Engineer: 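I'd like to ask you about the structure that follows.
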Amino acid sequence: MDKHLPISRHSAQPNGVRPVGLRPGSRLGLPLLSAEDLAERGRQEVRSLLATRRQALERQWQRHQAASGIPERFRGKGFADYQADSAEQVLARSICQDFACALSAGQRPGETLLLLGGSGTGKTHLACAILATLVRAGQRGWYVSLPSALRSLRDARSSRSQGSETEAFAQLSAPDLLVLDDVIDAQDETRSGLLFEVLDARYAQQRATILIGDLPASRLEQTLGPRIIERLHEAGTRQVSFNWPSHRRRAG
């Protein structure tokens, strides 16, 4: 008999010896995992899936912020990032948070919030924090400067394209929240008329609006005109005055 016949892979190893690295019951040289190993592997896969999901949601959130017109400087900055060193600043932040929570819950539809005061005092920061809160809650919002908004309407009308005019007006009248920054002084009759059309449409549809201006409350009627002020009061208006030094100057 030939002494060099190959040993079958099913043959028992002499003296109960197993190939190195194999556990009892393992097949094809692959080690078996213990229950603890399997559980840990499962936890790692879950963590990986959750991390991937969080990253996708964050990218989606960034796109939504950009689509709402929030300036890049204020994206990702919420109420907690607002520097409140005085009781007046704490109150301003609290009013804005309350406004955001009410709108997110579908309460006080059609209200207007006026943020008035000097430049660099945090008006745009808080307005964008309100807008971001609503966008995250699934509502539609749009941030734009008043001069830019009026220029878009004027250009759309001068183009004599009914479609472009309708789209430009809808972008201002349709969102659940419209933030108009840079409410400037000395509005001429044409600008005032366009602004009244926008605010009147939002009033009729019970859409909320935030107006931001680097001016004191005493000049608001002179800036916007009595007709617009009357419409704002009818809709329900809250006002916050930012009467403290500029953060930018202190930072400088």
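Everything quoted here is computed from the prediction, not taken from an experiment.
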Engineer: Less than 4.5 Å apart, side chain to side chain, heavy atoms only: is that true for I228 and S192?
Structural biologist: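 They are in contact (side-chain heavy atoms under 4.5 Å apart), so the answer is yes.
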
Engineer: Quick check for you: to the nearest 0.5 Å, what is the distance between Y82 atom OH and Q97 atom CD?
Structural biologist: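 Between Y82 OH and Q97 CD, I get 11.5 Å after rounding to 0.5 Å.
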
Engineer: List the residues meeting salt bridge (charged side-chain N to carboxylate O under 4.0 Å, His left out) with R47, not counting sequence neighbours, and say none if there are none.
Structural biologist: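 For R47 the salt bridge (charged side-chain N to carboxylate O under 4.0 Å, His left out) partners, ignoring immediate neighbours, are E40.
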
Engineer: Supply the atom-to-atom distance H125 NE2 to R73 CZ, rounded to the nearest 0.5 angstrom.
Structural biologist: 12.0 Å

Engineer: Would you indicate whether the side-chain heavy atoms of K77 and C128 approach each other to under 4.5 Å?
Structural biologist: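 When only atoms from C-beta onward are counted, K77 and C128 do not touch, as no gap falls below 4.5 Å.
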
Engineer: Do any N or O atoms from the side chain of W142 and from the backbone of V179 form a donor-acceptor pair under 3.5 angstrom?
Structural biologist: no

Engineer: Could you check if a side-chain atom of T209 sits within less than 4.5 angstrom of a side-chain atom of L113, using non-hydrogen atoms only?
Structural biologist: no

Engineer: To check you understand the geometry: which heavy-atom pair defines the closest contact between V144 and L172, and what is its length?
Structural biologist: CG1-CD2, 4.0 Å

Engineer: Under a 4.5 Å side-chain heavy-atom rule over Ile, Leu, Val, Met, Phe, Trp and Tyr, are L150 and Y203 clustered together?
Structural biologist: no

Engineer: Under a plain distance cut-off of 3.5 Å, with no hydrogens placed, do S152 and D155 share a side-chain donor-acceptor pair?
Structural biologist: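 No.
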
Engineer: Take E167 and R157 through the test salt bridge (charged side-chain N to carboxylate O under 4.0 Å, His left out) and record every step on the way to the result.
Structural biologist: CA-CA 11 Å; E167 291 171 3; R157 291 188 172 182; over 6 Å; no

Engineer: Taking everything shown except Q44 itself, do over 12 heavy atoms lie less than 6.0 Å from its CD?
Structural biologist: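 More than 12 within 6.0 Å, yes.
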
Engineer: Supply the atom-to-atom distance I70 CD1 to R75 CZ, rounded to the nearest 0.5 angstrom.
Structural biologist: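 The CZ atom of R75 is 8.0 Å from CD1 of I70, to the nearest 0.5 Å.
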
Engineer: Answer yes or no: is there a donor N or O on one side and an acceptor on the other, between the side chain of T133 and the main chain of A129, under 3.5 Å?
Structural biologist: yes

Engineer: Answer with yes or no whether the side chains of D214 and S119 bring together a donor and an acceptor at under 3.5 Å.
Structural biologist: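 Note: S119 and D214 side chains miss the donor-acceptor criterion.
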
Engineer: Please output the side-chain donor-acceptor pairs of residues 235-242 that fall under 3.5 Å, not counting sequence neighbours, one pair per line with the distance.
Structural biologist:
unit_1 : atom_1 : unit_2 : atom_2 : d
T237   : OG1    : L232   : O      : 2.6
R238   : NH1    : D98    : OD2    : 2.9

Engineer: If the condition is salt bridge (charged side-chain N to carboxylate O under 4.0 Å, His left out), which residues does R207 pass it with, not counting sequence neighbours?
Structural biologist: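 Listed in chain order: D176.
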
Engineer: Hey, does the side chain of K123 reach the backbone of L211 with a donor-acceptor pair shorter than 3.5 angstrom?
Structural biologist: no

Engineer: Using a 3.5 Å distance criterion without hydrogens, assess whether the side chain of T121 forms a donor-acceptor pair with backbone atoms of G118.
Structural biologist: yes

Engineer: Assigning hydrophobic clusters by single linkage (Ile, Leu, Val, Met, Phe, Trp, Tyr; side-chain heavy-atom cutoff under 4.5 Å), is V90 placed with W244?
Structural biologist: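 Hydrophobic grouping puts V90 apart from W244.
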
Engineer: Is the backbone N or O of L103 less than 3.5 Å from a side-chain atom of R108, with the two atoms forming a donor-acceptor pair by type?
Structural biologist: no

Engineer: Within the structure provided, determine whether T124 and Y143 are in side-chain contact (heavy-atom separation under 4.5 Å).
Structural biologist: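 Yes, close enough: below the 4.5 Å cut-off.
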
Engineer: Rounded at 0.5 Å granularity, tell me how far CZ in R140 sits from CG in L178.
Structural biologist: 11.5 Å

Engineer: Find out whether the Lys NZ or Arg CZ of R93 is both under 6.0 angstrom from the six-membered ring centre of F79 and within 45° of the ring's axis.
Structural biologist: no

Engineer: At their closest point, which heavy atom of L131 faces which heavy atom of S68, and how far apart are they?
Structural biologist: CD2-O, 4.0 Å

Engineer: Is it the case that the side chain of T223 and the backbone of R219 share a donor-acceptor pair, with hydrogens and angles ignored and the cut-off at 3.5 Å?
Structural biologist: yes

Engineer: Quick check for you: to the nearest 0.5 Å, what is the distance between N243 atom CG and Q89 atom CD?
Structural biologist: 11.0 Å

Engineer: Closest heavy-atom contact between D182 and S145?
Structural biologist: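 Smallest heavy-atom distance, with atoms named: OD2-CB, 3.6 Å.
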
Engineer: Taking NZ, NE, NH1 and NH2 as the nitrogens, is one of them in E234 or R202 under 4.0 Å from a carboxylate oxygen of the other?
Structural biologist: no

Engineer: Sub-3.5 Å donor-acceptor pair from the side chain of S104 to the main-chain atoms of A100, do we have one?
Structural biologist: yes

Engineer: Does some side-chain heavy atom of I210 sit less than 4.5 Å from a side-chain heavy atom of T112?
Structural biologist: no

Engineer: For the CD1 atom of I212 and the CG atom of L116, what is their distance to the nearest 0.5 Å?
Structural biologist: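 Interatomic distance, I212 CD1 to L116 CG, rounded to 0.5 Å: 9.5 Å.
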
Engineer: Determine, for F196 and R227, whether the Lys NZ or Arg CZ falls below 6.0 Å from the six-membered ring centre while staying within 45 degrees of the axis.
Structural biologist: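 Relative to the ring axis of F196, which defines the angle, R227 lies inside both limits.
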
